[in-house]
Amino acid sequence: MAAVLGLIIGVVIGVFVRPDIPVVLQPYLPIMVVAALDALLGAARAYFERSFSDKVFVISFFSNVITATLLVLLGNQLGVGSQLTTAVIVVLGIRIFSNVSTIRRFIFKG
Amino acid sequence: MREPHEHPEHEERIPKISRQRVRDRRNDKTQTGTFPVVRKTARKPATSLRSRAFRVRLISSILVACLCALLAYGYVIQVNNTDVTYETMSEAELTRLISETNMQAQSLEERKSELTRQLNSLRESANKEAQAEKIAKENEETSGILAGRLPAHGKGIIIHISQGSKRHIDAATMFNLIEELRNSGAEVIAINTVRVVMSTYVRQTNNGLECDGTLLSTPYVVKAIGNQANLQNAVNMAGGVGSQLTVKFGATLSIDTSDNVEITEVQSVPDYTYAKIVE
């Protein structure tokens, strides 16, 4: 409930407030979004497993985002930025898929 | 509460004891099992526990909502961020993009030159049209004056001819006068109220001269626009029309030059039955 509400609020704010993203941050924003999505889906899975903890969620959210960003930053500095971006996206995609499948199993079992 | 009144003698005798008994009885009557103090102490931690759980849940939902809002916000911004980030593109993609852009630029350039050519041709044709219009207007004016459709004014002469004292002026002489004026370059001629055009005729009738269906009354006034000296010469030439008029018909002739001879008489345009314009 709170998650859905938050998503709606975020979309509304994003529609009405358009900040200029600094150029330095521009290549990292998509990665950040995907990482945050992964954290959110992990939290949803934990919620269905009845082991949801808000602390864990917050920590995983930020650690996911920061790790992904740092990884891509490192890749950019080493000259393999695009490859590493792809790697991060692939890994996060796999995690998202596995989380979704777990959630689905919970929903259809319950 | 009525207890003290039941045994008044006892109360008087041993007030201390009876009072104590009354107190005891009252205390005995207090219903057991629900000690308010105990209950209060038992309830208090329960409510605080519940509220703490509620607060924790509220905080966690707020956190979740905030993070979800952050995620959605980032998502929407990224979606709306239309500038392509070239930094994340590979070399091959960049090369492809450059060649595509070049091709596009080329085609746009071609299109631009084509449109420019079209624009130029349109402008040219517009110029031509404007020129043609100008010429047509000029033509219209000149031919209008020539054909007698438009009134005209300008330098010229006015000739007054009185009725001949010897005999009436005949049509041939009158026509001769017009011809002389024409030959000397008169641009516009009018006799009395008749505009002289190409088809103008002068005819002799019993009542006098008739010009284009209008009877001319004396004195005849002939107005002509043109070079004043030439026109005067044409009339005054030795043995010319002027002398003919004075000598042969005994008419008096007066020629006035004017810088602004106004000929307001106009002729209607004839409908051409046979003549057609050559396209």
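To find a chain, count down the sequence lines: A is the first, B the second, and so on, and within it residues start at 1.
- In this structure, the portions of A:Val17 lying under 4.5 Å from any heavy atom of chain B include both its backbone and its side chain.
- Of residues 50-59 of chain A, those residues with a non-hydrogen atom less than 4.5 Å from any non-hydrogen atom of chain B are, in numerical order, A:Phe52, A:Asp54, A:Phe57, A:Val58.
- Heavy atoms of other residues, nucleotides or ligands lying less than 6.0 angstrom from CZ of A:Arg104 number more than 12.
- Other residues, nucleotides and ligands contribute at most 12 non-hydrogen atoms within 6.0 Å of the CD atom of B:Glu133.
- The two atoms that bring B:Gly74 and A:Val33 nearest to each other are C-CG2, 3.6 Å, heavy atoms only.
- Atom CD of B:Glu129 sits in a sparse spot, with 12 or fewer heavy atoms from other residues, nucleotides or ligands closer than 6.0 Å.
- Contact of the B:Leu70 side chain with the A:Phe61 side chain is registered, since non-hydrogen atoms from C-beta on lie closer than 4.5 Å.
- Options B:Leu63, B:Val76, B:Leu67, B:Ile59 differ in how many heavy-atom pairs under 4.5 Å they form with chain A, and the most are formed by B:Leu67.
- With respect to chain B, the highest number of heavy-atom pairs below 4.5 Å among A:Leu5, A:Leu40, A:Val72, A:Ile9 belongs to A:Leu40.
- Using a 4.5 Å cut-off between heavy atoms, A:Leu7 touches chain B through backbone and side chain atoms alike.
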